[in-house]
Each structure stands twice: as structure tokens, then as C-alpha cells.
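Okay, structure first, notes after.
Every value quoted in this text rests on a predicted model; they were computed, and no experiment measured them. In what follows, every chain begins at residue 1, and chains take the letters A, B, ... in the order their sequences are listed.
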There are 2 protein chains.
Amino acid sequence: MATAENAVSKATFSRVPAYLRYLKGEAGKGVEYVSSAAIAKDMGLSAVGVRKDLALISSRPGKPRFGFEVRRLIADIEKFLGYDRWTNAVIIGAGGLGRAILSYEGFENYGIHVIAAFDNAPAKIGAVGGKPVYPMERLGDVVKRSGVKVCILTVPRSAAQEACDRAVETGISAILSFAPVHLRVPDGVTVKYEDLAVSLAELCGA
Amino acid sequence: MATAENAVSKATFSRVPAYLRYLKGEAGKGVEYVSSAAIAKDMGLSAVGVRKDLALISSRPGKPRFGFEVRRLIADIEKFLGYDRWTNAVIIGAGGLGRAILSYEGFENYGIHVIAAFDNAPAKIGAVGGKPVYPMERLGDVVKRSGVKVCILTVPRSAAQEACDRAVETGISAILSFAPVHLRVPDGVTVKYEDLAVSLAELCGA
DNA sequence: TAAGAATCGATAAAAAAATATCGATATGTG
DNA sequence: CACATATCGATATTTTTTTATCGATTCTTA
């Protein structure tokens, strides 16, 4: 059964990245097949749940007595998550966090190409890790020419809404925000919040 | 130390930080009361769902015709999330991301005190944003003396499992990992993954 | 080649969560 | 003061998600 995106529930979808992370670890150790029971044990899930999830995203059924083929599953998941389609993204805010992300090369493994950062402060303009940091004025320019739809927002909270508005104006339709502020966006624009402090706090409370 | 006060479902719990983010925004604009319908509209939820969530975490019922008192709700949520109890944390890995987090002061608003970072590379030792970066050898020392239970892992993927093991040895029981690797930990240790590439990819697929 | 073990997928049951409905309550207004 | 209205909370219903059960499949091995 091919990856029919419609049939995959939200709950399953949210677990898929964790499967990928786990499976890559197994692949790195040379494991070829892995059973639902083993995955469940290592990841703290139930074996039945794992089988149900994998039934939805795997292009081949699991083999009795062996389990699932690790490499195939990885490929299926990467395709399912769209890592085989390249996406361009830009960063707004070239402070410490923005620069760290700009120079992080791990995105390339996920089909994401961070092409540039933008900042208001003249002192920040230049390049980081071989990638350019432009003044904010050039945002519309670059976004339109490159057809970028995704933006990573790493500005201080006080600047977040304005930066967000600028991004939306230029045609950005998906925003990953690190600012701990609720952003108002028009319909059709998606925002995902990556609030480090909240993540930490959740962890403490967990 | 289970999440024993669990009249609150997981689904509700996961929305609480978003409520807090939103309510702080409203408070900043001087809004005193907010209705479930308004929250729902702005946050893209259903009004009934919002009421159910708030019924569980608010110390006072909402007022007919007014809604919920913003300031009180904020206080309730902060207490609920434990932001009134201070937690110490350390960072392992003083690369770009680790340093950015070390110098980020936003954690203080959430009852989290990041006290130091640790790194293997001598070149990284020193201080960032007024906070010390120690060599890894001193990890056990500092963790034990300060009773730190929480660790933020910002090392390259290849170093993640080893750093994780070191942290667990010293008594760390909660890890927020930025490395895109499944970590094996003993029972009793919680890991939360903060995979930026995955977040971005999810956003693109959403 | 037949018995046995490990694993799967499908179906069914249970639990959790989201959504709808409706009477109750407080507030402003004629 | 009576009424219309916005909003709530509680209960009921539907949908989604998780968990349990069990026969089918495939490989190992005696």
C-alpha cells in the first residue's frame, strides 16, 4: 500500500519523526530487520500501536518472524515526510540563535535548504558559515525570486509580530517561530512555535 | 512523582503553553477579560474545547457575559506548569546552538535557571553571556553540587549518546536533546527531542 | 517434511478526546 | 423592572485513538 497521506491520523503523523530517528540509529548499527515489539520496547510504545502506524506508512508489509526492513522503512518515511522534495527557507533575525541555525548543516538531510538570513542591524550583515546575512530590506526581493515559502523567526519577542507581518507580506506561508509570542497571521499561513523554555518546562513537569 | 494531579488529560496539557503564550499577548495589550469564543477564534480551536480546558486549570469559573480574567488565568497556568518552582539546568555542548541558548535570558521567566555549559574542546572553555563554560571533566562536580536534574544537549549527533551517558551517570534525569539521534537511557530518565529539522519539515507538510 | 516459534495484519473492544446541545447566570438596556 | 444577549458549565453524542484478541504466515530445525 502506497503512502496515502489522507489515511494517516494526526496521532500517527506526530510519531513518524521519532520512528525515523530510531530507525536511523538501528541502520547505523547495521541492523537490517526490526520487529514491532523491539521498536515498541525501545521507544516506549505498544507493539500493536507500532504495527498500526507502520502499516500506514510502510510500502511493504512486515515479514513474519523478521519484522520490518529497516532501510526500506527509512526510505518510506523520508518520502512520506517529503524529505525528497527540496524546500527553501530563510531566517529572520541573525542573533545568536539565528546564526547558530544558519550554520547548522543538518537541515540538508531533511530536504531543507536554508538560503539566507535577514536582520535589521547593520552590524549583523555579512555571512555566517558560508551563507549570507542580508538587511531586512532585501527580504521581499530574495523571497520572491527564490519562491521561498518557509521562514524561521529568531528575533526578540518585541520584534516578532512586525517581522512576521513583513514575512507574510512577501509571500511566506509557513513560519517556525522561536519567539515566545502568539503571532497573528492571516488564514492560509501556518505558524509553529518552538519555545525552548516551554519545552524545558514540559520536560521538568513530565 | 507522577503527573498525579491528572484530572488533566495529555491533550489538554499539550495546549496549555499555547494558552499561556496567547494570554500574555492579550495581557500586554491591556485586555482584562477574554471569552472562550475569542480565544478559540484567535488560536484556531473550538470554543467548547477551550472552555473544557480552562475549566480544568482555572481557579475560578468564567464569568457569564465577560469570559475569563486574563491575569488570573496567567497566574493559574504558570502555577500549573510549575514556573513558580525554580529548576536548575546545564548545557552540554558549547557550539553555536549551545552558546545561543546559554546567553538566552528568556528561561528566567519560566522558572528555569541555566547555570553553566560544558564542552570537551579547550577552545570553548570560558564564559558566554556572563555564564561559565567548563570542561566536561567538571560536569559531575557541578551537577552533584548544584543538584541539577535537567540537561540541554547541544552536541553533534556523533557525540550525543556518549554525552547523554555521562549526564545520566552524574544524576541527570531529564534531557532536552537537539541531536537528531535516538538516545538510550535507563528507566527513570526522560528524554525530549527538539529536532529543528523535523519541526521545519512538519511545518512544510502541514 | 512436519512441528514449533516469532511475528504479522485484521477485526473487535475500550478509552480518550473532540464536538454538539441546552439550560443557567450575569449584565446591559429600554 | 423585565427582557434580550453573551457567555458559561454540564451533559450527551460522535469521532478518534489506543489496546486487546486471534488466526495467518514464514522461517528454523529436528
Categorize [X] for me: base, sugar-phosphate, or nothing, with a 4.0 angstrom heavy-atom threshold over every strand shown.
| X | answer |
| --- | --- |
| A:Lys10 | sugar-phosphate |
| A:Ala11 | sugar-phosphate |
| B:Thr12 | nothing |
| B:Arg15 | sugar-phosphate |

Phosphate OP1/OP2 of [N]: any [X] side-chain N/O under 4.0 Å:
| X | N | result |
| --- | --- | --- |
| A:Ser35 | C:dA6 | no |
| B:Ser9 | C:dA16 | no |
| B:Ser36 | D:dT7 | no |
| B:Arg51 | D:dG9 | no |
| B:Ser46 | C:dA18 | no |

Charged N-O contact under 4.0 Å between [X] and [Y]:
| X | Y | result |
| --- | --- | --- |
| A:Lys79 | A:Asp76 | no |
| A:Lys131 | A:Glu105 | no |
| A:Arg184 | A:Glu162 | no |

Using whole Å, report how far [atom1] of [X] lies from [atom2] of [N].
| X | N | atom1 | atom2 | answer |
| --- | --- | --- | --- | --- |
| B:Lys52 | C:dC22 | NZ | P | 18 Å |
| B:Met43 | C:dA18 | CE | P | 13 Å |
| A:Phe68 | D:dT25 | CZ | C1' | 13 Å |
| B:Leu56 | D:dA10 | CG | P | 10 Å |
| B:Ile39 | D:dA6 | CD1 | P | 18 Å |
| B:Tyr33 | D:dC8 | OH | P | 12 Å |
| A:Arg60 | D:dT26 | CZ | P | 13 Å |
| A:Leu54 | C:dA10 | CG | C1' | 16 Å |

Reading DNA chain D from 5' onward, which residue's closest nucleotide shows up sooner: A:Asp53 or A:Arg65? A:Asp53

Is it the case that B:Lys29 places NZ or CZ above or below the six-membered ring of B:Tyr22, under 6.0 angstrom from the centre and within 45 degrees of the axis? no

For B:Lys63 and A:Pro64, take the nucleotide of DNA chain C holding the closest heavy atom to each; which residue's nucleotide lies nearer the 5' end? A:Pro64

Please name all residues satisfying side chain to side chain contact (heavy atoms under 4.5 Å, CB included) with B:Phe107, sequence neighbours left out, ordered by chain then number. A:Leu196, A:Ala197, A:Leu200, B:Ile101, B:Tyr104, B:Ile112, B:Val114

